[in-house]
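What you see below is based on every heavy atom in this structure, not just the backbone, and it leaves out hydrogens, waters and symmetry mates.
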2 protein chains.
Amino acid sequence: MNLSPLVQSFVLHFGEMGSRWGIARTVGQIYAVLFVAERPLCADDIVERLGVSRSNVSMSLKELQSWRLVRLVHMPDDRRDHFATPEDVWQIVRTLVEERKKREIDPTLSVLRELLMQAPRTPEEVQAQARIRDMHEIIELMTGWYADVEKLETERLVQLLGLGSKVVKVLEMKDRLLVLPGSRPRPRRSDTAPS
Amino acid sequence: MNLSPLVQSFVLHFGEMGSRWGIARTVGQIYAVLFVAERPLCADDIVERLGVSRSNVSMSLKELQSWRLVRLVHMPDDRRDHFATPEDVWQIVRTLVEERKKREIDPTLSVLRELLMQAPRTPEEVQAQARIRDMHEIIELMTGWYADVEKLETERLVQLLGLGSKVVKVLEMKDRLLVLPGSRPRPRRSDTAPS
DNA sequence: CTGTTATTTCAGAAATGTCTGAAATAGCGG
DNA sequence: CCGCTATTTCAGACATTTCTGAAATAACAG
């Protein structure tokens, strides 16, 4: 491995985390190298820096491209393929979320929907379906939320994340402000006096 | 495998998805069985239903407990351990997020911080650190956001998720409402006319 | 078309991860 | 303490994934 100490630590960490993230060690290492690289690298650059086989680099790059985490770039006067990660880290996060959703959630959502279509045949299946329905609902709610906020410009998204739970405060304020003069506030559960 | 067809499909799917979710097949299957079960099950119940070895069940349950996705329950007049998943699916989601954060994000955050403390020794390391800083920032922002909204009651959280990107509309409205009479609206980038 | 360089494919080697059966341990009731 | 049941441990069998080197393919330049 032929890297400066700082970069090497970063790369080795990404390799080790690979198994937890569901990618092979080399895939993680290649991503890390490309992420911090000052310019797009070709396959041989990566072989040189990581000391893994050329074929492993080729397959790992294919995998990273299938995740859309690495893109193919062409350099002037060089017919070798070069590779780079997107510059914009927000774009990277969006891609990561989309791809993980596609692989880890969508197949399940599809199975759950099928199972909910079936007519239950026993009391046990009725119970199971109720439970599956809960799971389905919560996943739909969360993926729906993401599908919605994902459309926001990054600037807005950052703003929203920065607010955190304070948005709730703002929403409460909105409720109060929108009460027209003369009208009564809509009663809330917490406002109802115990009988 | 000794399960009703509907439950069996559910269980097999969780087993297959295991590899994508970073858990072993049996672990996924056991979780699925417990999730839809009408009552807490003991290890032998699980052996019976899944047809895997007793020792595998024991180890897999340990793993699920380490994820806090399954809890140990005691049944009256039975000294065997029984196991159940939390009833509340929102609690399950919270646990899942926390545990995945702990395993998949926190170690990286810690390494990134260390790397950012080091003094760079070459221009290459300066560039790498800048990139690492971007990554660190975005992860901090997202984990910070979650740490904040995680404190909300479920009811509020559901409300917020239901709104989706509409919160932004509400925030804009807040901006307008908070402009005091006589004051001018704060200029925005999109408001400035081209020179 | 030919020679050269770049990339991909793929069989099997190496490494890792999962699962089982047997044996060890734990814990309770008498 | 003993006998019984429940649970855990762990070596190694088995399965899967990852990686390599060699060969095939592709793609261009002359």
Side-chain angles (χ1 to χ4, degrees), chain A residues 1 11-12 14-34 40-67 69-84 103-104, chain B residues 1 11-34 40-67 70-84 103-104:
Chain A
M1 195 168 282
V11 165
L12 288 177
F14 267 60
E16 279 169 24
M17 291 300 282
S19 51
R20 302 199 186 183
W21 295 336
I23 56 176
R25 188 176 57 231
T26 310
V27 174
Q29 290 183 349
I30 292 179
Y31 183 77
V33 163
L34 291 176
L41 302 180
C42 71
D44 291 320
D45 292 335
I46 297 169
V47 168
E48 153 80 9
R49 294 179 193 209
L50 294 183
V52 295
S53 73
R54 182 54 237 273
S55 56
N56 191 0
V57 169
S58 177
M59 291 187 302
S60 299
L61 283 169
K62 275 273 138 60
E63 166 121 12
L64 283 168
Q65 284 176 278
S66 86
W67 278 82
L69 287 172
V70 154
R71 51 179 229 287
L72 181 62
V73 187
H74 279 109
M75 306 295 278
D77 303 325
D78 192 333
R79 65 191 179 86
R80 292 172 300 179
D81 294 341
H82 287 64
F83 301 89
R103 291 153 211 252
E104 300 183 8
Chain B
M1 196 168 282
V11 166
L12 289 177
H13 176 75
F14 267 60
E16 280 169 22
M17 291 300 282
S19 52
R20 301 199 188 183
W21 294 337
I23 56 175
R25 189 177 55 233
T26 310
V27 174
Q29 289 183 349
I30 291 179
Y31 183 77
V33 164
L34 291 176
L41 303 180
C42 72
D44 291 320
D45 291 334
I46 296 169
V47 168
E48 153 80 9
R49 294 179 192 209
L50 295 182
V52 295
S53 73
R54 181 57 236 271
S55 55
N56 192 359
V57 169
S58 176
M59 289 187 305
S60 299
L61 284 169
K62 274 273 138 60
E63 167 119 10
L64 283 168
Q65 284 176 277
S66 86
W67 278 82
V70 155
R71 54 177 225 288
L72 180 62
V73 186
H74 278 110
M75 306 293 280
D77 301 326
D78 192 334
R79 65 191 180 87
R80 292 172 301 177
D81 294 341
H82 287 66
F83 301 88
R103 290 152 211 252
E104 301 183 7

[atom1] of [X] versus [atom2] of [N]: gap in Å, rounded?
X	N	atom1	atom2	answer
Asp77(A)	dA29(D)	CG	P	11 Å
Met75(B)	dA6(D)	CE	P	15 Å
His82(B)	dT5(D)	NE2	C1'	14 Å
Lys62(A)	dT17(D)	NZ	P	21 Å
Leu61(A)	dC19(D)	CG	C1'	14 Å
Glu63(A)	dT8(C)	CD	P	14 Å

So, OP1 or OP2 of dT7(D): does either fall under 4.0 Å of a side-chain N or O from Ser58(B)?
no
Mind checking what makes side-chain contact (heavy atoms from CB on, under 4.5 Å) contact with [X], not counting sequence neighbours?
X	value
Leu12(B)	Met1(B), Gln8(B), Gln29(B)
Met17(B)	Pro107(A), Thr108(A), His13(B), Arg20(B), Trp21(B)
Arg71(A)	Val73(A), Ala84(A)
Val52(B)	Thr26(B), Leu50(B), Asn56(B), Val57(B)

Would you jot down, in residue-number order, the residues of residues 42-50 of chain B having a non-hydrogen atom under 4.0 Å from DNA chain C?
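When residues 42-50 of chain B is checked for heavy atoms under 4.0 Å from DNA chain C, there are no hits whatsoever.
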With [X] via salt bridge (Lys or Arg N to Asp or Glu O under 4.0 Å) - residues at least two apart:
X	result
Asp81(A)	none
Arg79(B)	none
Arg103(A)	Glu99(A)

Is there side-chain contact between Leu34(B) and Leu61(B), with at least one heavy-atom pair below 4.5 Å?
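Yes, close enough: below the 4.5 Å cut-off.
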Once each nucleotide of nucleotides 12-30 of chain C is scored for protein heavy atoms under 4.0 Å, what B/S/- sequence comes out, 5' to 3'?
----S-SBBB-----B---
